[in-house]
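The next block holds one structure in the form of structure tokens; read it before the comments.
Keep in mind that what you see is a predicted model, and the values were worked out from it rather than measured.
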Amino acid sequence: MTLPDLPHHDGSERYVARGTPRLGDVVPVRVRVPASRAERGVHVRVVRDGEPRFVPARLERADERERWYVADVVVHNPVTQYRFLLDEPGGYRWLNGRGLHTRDVTDAADFRLTVHEAAPRWLDDAVVYQVFPDRFARSSGHDGPPRGPLPEWAIPAGWADEPIGSGHGVAQQLYGGDLGGVEQRLDHLQRLGVDTLYLTPIFPARSNHRYDATSFARVDPLLGGDEALASLSAAVHARGMRVVGDLTTNHTGSGHEWFERARADRSSAEASFYYWTDDEPGYVGWLEHASLPKLNYGAPELTERMITGEGSVAERWLRPPFDLDGWRIDVANMTGRYRDDDHAHAVARALRARMAGIKPGAALVAEHFHDAAGDLAVGGWHVNMNYSAFTRPLWTWLVAPGSELPFMGMPVPVPRAGGADMVATMRDFDATVPWSVTRHQWNLLGSHDTARIRTVTGSRERVEVAAALLLTYPGTPVIWAGDEGGLTGVNGEHGRVPMPWDRIDGRPGAGGAPWDPETFATYRALVALRRSSRALREGGLRWVLAQDDAVAYLRETADERVLVVLTRDAWPGARLPVAARAAERLYGEDAGTTLAPGGLVIGPAAGPSVQVWRLS
């Protein structure tokens with residue numbers, strides 16, 4: 001449906017001044033009301049100490065198109081919830097993060113002011129590139145099986161071999177990518193336009209994914225050791241880029257030096273770091289995996305070694321010569337949680353505080369595949385890898401018809417939904433966290449844990465639509481290495497395809513996975529588009545269209561307004577409730593767009609398409 005022009009508020013700069021308030025501050029909050037409404041008054045309902053109160057809003061300005069109201073909200077609690085009440089002739093209306101309602105609603109989707117600092121400002125402009133070190137590049141450059149002595153667990157693979165997708169060998173297939181290889185290929189990242197490198201784990205382990213660390217004290221020698229990380233970090237920073245590491249706070253590997261000491265001496269300090277049981281294997285493993293014993297943050301010394309102590313794991317790698325610019329925390333939602341233990345928020349807050357004390361501006365990103373709202377407003381994780389509010393709904397809209405791909409760990413295929421359902425899902429999840437979180441969430445089309453977006457969508461054209469949504473939506477875009485060239489894979493393990501550098505470099509007769517230069521050019525253009533527009537990086541979000549095959553939204557700052565129109569299939573066009581005196585096309589083919597008194601008319605699309613307009 002074409003969405004009517006409705007009252008609107010979000011936490012962006014047009015509605016709430018930028019900056020983090022303190023307790024006791026008075027914060028003006030604004031709401032935009034279309035001139036077509038007939039409101040008799042506007043109030044803000046604020047929850048203070050658990051009790052609702054009403055604050056009258058005053059008319060600030062008006063013209064022939066809209067009226068703007070402002071109300072002063074006192075930040076009385078660390079998280080202050082509010083929503084708008086419009087008194088209209090047909091009855092009162094509530095406006096919250098999910099939209100306008102003619103009935104009473106719960107507080108779950110209220111807007112929020114928070115005293116907790118937002119993620120570092122550099123994430124406003126960042127475009128992140130995720131690298132799985134074993135599959136990105138070898139510093140040696142050779143294509144056969146990895147050279148040199150290999151650990152007993154490893155199954156050597158040639159660079160052009162297809163990754164094992166499931167069953168025996170899935171975690172042992174070793175291609176031999178290393179950090180020196182990543183450093184040699186930084187030009188590729190800069191050609192694409194990204195500025196932040198995110199590395200999955202680099203500690204020694206007994207698997208190719210390295211989420212089962214045997215030590216947090218050194219870099220895996222297979223990746224080049226500590227010297228290789230220091231060299232890579234220096235090279236990244238010399239280019240004006242940043243690098244984020246990956247840390248497992250929830251568990252270690254069963255071969256970890258702490259765990260081996262704990263098993264050898266149950267009176268040791270390390271024995272208190274884990275959960276022990278009378279059942280096999282005698283301890284608690286993450287999701288019952290014996291290879292991943294779970295950490296117990298009821299042990300104060302564990303917190304000191306991992307987070308708060310001098311020379312802790314979290315601290316050491318943020319300092320020179322490694323200089324990481326932040327951590328992505330593996331299964332952050334489970335960290336500190338087991339049965340009646342729940343240390344999750346304490347761990348997250350301690351980690352953020354320690355990181356801020358060591359390296360102000362370091363980012364703390366959680367991995368959380370489902371509803372993370374309860375963990376994102378308490379001053380711990382800055383943001384989340386945004387599967388629930390972005391990746392999952394996007395997949396349902398752009399999945400290839402008839403696809404049987406499993407839906408991210410669920411025992412069902414990815415459902416195909418219309419644009420209205422995608423938008424409703426995104427709004428549901430976005431509405432449960434402060435805008436300061438939404439505007440920095442790590443949005444992604446897929447990762448090392450999912451199928452590839454090219455496999456999900458089934459076509460290059462729908463990949464373009466997906467990438468356009470990624471790079472024009474509020475949040476921090478994260479590109480999984482290889483997606484920019486159309487690499488494929490039916491699940492996370494199968495999608496960990498080695499980068500086909502011979503093909504990327506254009507060598508005749510090159511082997512390896514197919515590489516699509518046209519898709520690379522599309523990603524590069526969309527990254528450049530994002531960098532050219534402050535509204536696309538920092539603006540608010542106002543949906544104006546949500547139909548089965550097309551969606552459209554506005555990104556707005558005080559000085560810029562950008563319209564994004566996306567279609568997944570053939571579409572007849574529509575009149576959008578968007579007033580403009582002029583429209584400058586920033587991306588895509590013009591399908592016959594015209595300016596009209598009743599709104600902007602977007603012409604028909606013959607198939608998947610992207611149009612981006614700057615409106616005056």
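Residues Asp483 and Arg452 are paired through a salt bridge, judged by an N-O separation under 4.0 Å between the basic side chain and the carboxylate. Remark: Arg98 does not engage Asp110 in a salt bridge, criterion side-chain N to carboxylate O under 4.0 Å.
Arg18 is linked by a side chain to side chain donor-acceptor pair (under 3.5 Å) to Asp124, Glu538, counting only residues two or more places apart in sequence or in another chain. Every residue two or more places apart in sequence or in another chain was checked for a salt bridge (Lys or Arg N to Asp or Glu O under 4.0 Å) with Asp212, and none qualifies. For the side-chain contact (heavy atoms from CB on, under 4.5 Å) test, residues two or more places apart in sequence or in another chain that qualify with Ala299 are Ser272, Phe273, Leu302. Partners of Ala235 under the side-chain contact (heavy atoms from CB on, under 4.5 Å) rule, at least two apart in sequence or in another chain, are Glu183, Leu186. The salt bridge (Lys or Arg N to Asp or Glu O under 4.0 Å) search around Asp10 returns none, not counting sequence neighbours. Not counting sequence neighbours, Glu304 has no partner by the side chain to side chain donor-acceptor pair (under 3.5 Å) test. Evaluation of the side-chain contact (heavy atoms from CB on, under 4.5 Å) rule for Asp375 yields Arg337, His345, His368, Trp381 as partners, not counting sequence neighbours. Remark: Asp265 pairs with Ser267, Ser268 by the side-chain contact (heavy atoms from CB on, under 4.5 Å) rule, at least two apart or across chains. Applying the salt bridge (Lys or Arg N to Asp or Glu O under 4.0 Å) rule to Glu280 yields no partners; only residues at least two apart in sequence or on another chain are considered. Taking Asp430 as the reference, nothing meets the salt bridge (Lys or Arg N to Asp or Glu O under 4.0 Å) condition, with sequence neighbours excluded.
Of the candidates Arg242, Arg531, Arg239, Arg531 is the only one forming a side-chain hydrogen bond (donor to acceptor under 3.5 Å, both in side chains) with Asp195.
Residues in residues 283-300 take part in these side-chain hydrogen bond (donor to acceptor under 3.5 Å, both in side chains) pairs, two or more places apart or across chains: Asn250-Lys294, Tyr275-Asn296. Residues in residues 246-256 take part in these salt bridge (charged side-chain N to carboxylate O under 4.0 Å, His left out) pairs, two or more places apart or across chains: Asp246-Arg328.
Outside the 6.0 Å centre-distance limit, the rings of Phe132 and His209 are not counted as a close aromatic pair.
In summary, the side chains of His237 and Ser233 do present a donor paired with an acceptor at a separation below 3.5 Å, with no hydrogens or angles considered.
Taking the centre and axis of the six-membered ring of Phe203, the NZ or CZ atom of Arg210 falls outside the cone set by 45° and 6.0 Å.
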